[in-house]
Amino acid sequence: MKFFRRHIAPMILAVLMIASIFSSCQRKQLWLAQNGTLDINVSVYDIQLELLWGVNWKTEWQYLWDESDCGPIGYTEPQGVQANVYFIDEAFQRNWFTNKHFHNSNGGRVSLTTNQTYDMLFHNDDYSNIIIEEDRTDYAYYHATTRTNNNATYTRASYVNYNQPDQLFGTFLQKMYVSDDPEDYVVEKDEYGNPIYVYQVEATLTPFTMIYLYQVMILNNYDEKGQRIAGAEGITANGMSGGVELFSRITDDDNMVSVTQDDVKAMQTNRDLTLPDGTQVVGDIMAARMQTWGLPGIDPLATTKTKSAVDIIDSTYVGVGLKLRNGAVYPIQQNVTEQMKQRPSGGVITLVIDAAAIPDSIIGGKPQPGGGFDASVDDWENEIESDITI
């Protein structure tokens with residue numbers, strides 16, 4: 001994502017700069033107006049994947065991903081921002097004050113009354129799959145989720161499949177007091193020499209959706225008849241959270257779901273690969289990019305930043321619908337719990353599949369009608385955990 005800068009007009013009264021994730025917060029400005037109101041302008045900075053996923057993610061990621069063909073691998077610039085502003089009353093209760101949609105990534109202006117305390121939630125509003133649910137009585141929660149779908153998926157029987165969320169990121173400022181005392185402000189001059197009162201604030205824009213990159217390494221994929229596995233119909237992540245509460249940033253732990261990506265990129269064959277244990281091999285590789293809310297019951301970014309231990313509520317599995325050379329779709333699953341624990345805010349997840357472990361009777365059998373397979377019926381009995389012969 002590129003950094004976009006707006007030239008600030010002389011009469012802009014407040015600026016809220018949203019900084020790079022986990023980077024040192026810069027000093028932000030709120031400018032006090034003589035008429036007793038404040039304006040806020042939102043700007044967007046780059047989100048660095050190395051800070052989210054670790055500096056080694058490019059080494060771990062071995063699929064040759066061409067963004068011009070496969071699409072962006074990380075986050076992209078939002079096209080609009082929404083500001084929700086809540087007035088905090090004398091009983092310390094949150095009350096609705098105003099909201100504003102900014103139709104560009106640079107934000108816009110919201111007028112506020114001085115000598116008041118506010119909570120402010122900013123998030124992008126250019127999404128289509130996300131459903132927002134909010135408490136309009138006490139304004140105690142602001143929740144994001146997606147809808148379920150009926151696609152044929154590779155889902156364990158205990159989970160319902162949900163749509164992938166669009167990218168969503170924002171920031172929540174709590175108990176921000178807007179003073180009317182000039183002593184609380186730094187006095188500057190505009191281009192006409194008029195005094196401008198500047199109040200300093202700090203804020204950070206961080207993602208609510210976590211991106212996972214799944215790479216599937218295929219070993220022993222050739223026999224006397226040729227290629228055994230030709231591709232994949234879909235990849236499903238099971239045991240993911242079904243939503244997130246934006247005020248707290250905590251993902252749902254009472255709504256665990258599966259998420260499917262049908263767009264599995266084409267297999268790259270006869271590649272020099274490094275297995276997770278460091279072994280050097282020659283094999284085939286496929287890949288898919290998926291957006292999720294992350295693991296349930298955590299603040300993914302805070303967990304990553306503090307390197308806190310992740311308590312997995314249920315074992316996390318990934319299901320893959322393998323396309324065999326005869327046209328049949330063969331579902332397999334692998335347990336990726338330990339990998340997910342190490343990557344609560346997204347990153348590279350690696351699956352290694354031994355094509356020789358698939359029975360010859362299935363490889364040589366008749367294609368399944370329609371090419372689809374609903375793996376929820378047998379709760380993923382096909383789990384390949386065999387030793388891999390190199």
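- The distance between the ring centers of Tyr86 and Phe97 does not fall below 6.0 angstrom.
- Judged by a 6.0 Å distance limit and a 45° cone about the ring axis, Arg343 is not positioned over the six-membered ring of Trp53.
- The shortest heavy-atom contact between Asn221 and Ile218 is CG-CG2, 3.5 Å.
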Original post:
Please walk me through it: do Leu351 and Val318 pass side chain to side chain contact (heavy atoms under 4.5 Å, CB included)?
Top reply: CA-CA 9 Å; Leu351 289 78; Val318 171; 3.8 Å; yes
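- Using modelled atom types, no side-chain atom of Thr337 and backbone atom of Ser315 make a donor-acceptor pair closer than 3.5 Å.
- Pro165 has its side chain out of reach of Asn129: every pair of non-hydrogen atoms, C-beta onward, lies at least 4.5 Å apart.
- Looking only at side-chain heavy atoms (C-beta outward), Tyr330 and Ile358 come within less than 4.5 Å of each other.
- Between Tyr142 and His123, the ring center distance clears the sub-6.0 Å criterion.
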Subject >> Residue pair Ser241, Asp252: steps toward the side-chain hydrogen bond (donor to acceptor under 3.5 Å, both in side chains) verdict >> reply: CA-CA 5 Å; Ser241 177; Asp252 295 353; 4.7 Å; no
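- With rounding to the nearest 0.5 Å, the separation of CG in Asn124 from CZ in Phe208 is 9.0 Å.
- The main-chain N or O of Gln93 is found under 3.5 Å from a side-chain atom of Asn95 such that the two form a donor-acceptor pair.
- Heavy atoms only, all atoms of each residue included: Trp293 and Pro300 are closest at O-CG, 4.2 Å.
- Using a distance-only test at 3.5 Å, with no hydrogens or angles considered, a donor-acceptor pair links the side chain of Thr303 to the main chain of Asp299.
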Original post:
Do Trp61 and Ile73 pass the side chain to side chain contact (heavy atoms under 4.5 Å, CB included) test, and can you show the C-alpha distance, the side-chain angles, and the key distance before you say yes or no?
Top reply: CA-CA 11 Å; Trp61 180 241; Ile73 206 164; 3.5 Å; yes
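- Put simply, the side chain of Thr146 does not reach to within 4.5 Å of the side chain of Gln164, judged on heavy atoms.
- The nearest pair of heavy atoms linking Leu49 to Gly74 is CD1-CA, 3.9 Å.
- At a threshold of 4.5 Å between non-hydrogen side-chain atoms, the residues Leu219 and Val352 count as touching.
- Of the inter-residue distances, the one linking Leu121 atom CG with Glu134 atom CD reads 9.5 Å to the nearest 0.5 angstrom.
- The backbone N or O of Gly234 sits nowhere less than 3.5 Å from a side-chain atom of Asp262 that would complete a donor-acceptor pair.
- To the nearest 0.5 Å, atom OG1 of residue Thr209 and atom CD1 of residue Ile211 are 6.5 Å apart.
- Partner Arg228 forms a side-chain hydrogen bond (donor to acceptor under 3.5 Å, both in side chains) with one of Asp284, Asp360, Asn326 and no other, that one being Asp360.
- Taken to the nearest 0.5 Å, the SG atom of Cys70 stands 8.0 Å off from the CG atom of Asp263.
- Contact between Met340 and Ile349 at its shortest, heavy atoms only, is SD-CD1, 3.7 Å.
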Original post:
Can you check side chain to side chain contact (heavy atoms under 4.5 Å, CB included) on Gln291 and Met210, steps first, answer last?
Top reply: CA-CA 6 Å; Gln291 292 184 169; Met210 306 296 111; over 6 Å; no
**OP:** Dump the intermediate steps for side chain to side chain contact (heavy atoms under 4.5 Å, CB included) on Gln48 and Tyr75, then the final yes or no.
**Re:** CA-CA 9 Å; Gln48 301 178 35; Tyr75 296 93; over 6 Å; no
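- A salt bridge is defined here as a Lys NZ or Arg NE, NH1 or NH2 lying under 4.0 Å from an Asp or Glu carboxylate O, and Lys100 with Asp125 fails to meet this definition.
- In this structure a side-chain-to-backbone donor-acceptor pair under 3.5 Å is present from Thr145 to Gly242.
- Contact check for Tyr177 versus Lys175: no side-chain heavy atoms found under the 4.5 Å cut-off.
- Residues Tyr317 and Asn335 have side chains in contact (heavy-atom distance under 4.5 Å, counting atoms from C-beta outward).
- Separation of atoms CD1 (Ile88) and CD (Glu90) is listed at 12.5 Å; rounding is to 0.5 Å.
- Side-chain contact between Leu52 and Thr304 is absent, with no heavy-atom pair separated by less than 4.5 Å.
- For the 3.5 Å distance criterion, the side chains of Asn149 and Asn163 qualify, holding a donor opposite an acceptor.
- A pairwise comparison of heavy atoms in Ser345 and Tyr212 identifies N-OH, 4.3 Å as the closest pair.
- Not one N or O on the side chain of Thr148 forms a donor-acceptor pair closer than 3.5 Å with the backbone of Asn161.
- Without hydrogens or angle criteria, Gln261 side chain to Arg289 main chain gives a donor-acceptor distance under 3.5 Å.
- Judged by distance alone, the side chain of Asp89 and the main-chain N or O of Phe92 form a donor-acceptor pair under 3.5 Å.
- Connection of Trp96 to Leu246 is established within a shared hydrophobic cluster, with ILVMFWY side chains joined at heavy-atom distances below 4.5 Å, either directly or through further cluster members.
- Within the 3.5 Å criterion, the main-chain N or O of Leu64 finds a donor-acceptor partner in the side chain of Gln268.
- Between Trp57 and Leu213 there is a side-chain heavy-atom pair separated by less than 4.5 Å.
- Rounded to the nearest 0.5 Å, atoms CD1 (Ile298) and CD1 (Ile313) are 9.0 Å apart.
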Subject >> salt bridge (Lys or Arg N to Asp or Glu O under 4.0 Å) assessment of Arg325 paired with Asp223 >> reply: CA-CA 11 Å; Arg325 66 181 173 211; Asp223 57 23; 2.8 Å; yes
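- One N or O on the side chain of Gln215 and one on the backbone of Glu60 form a donor-acceptor pair closer than 3.5 Å.
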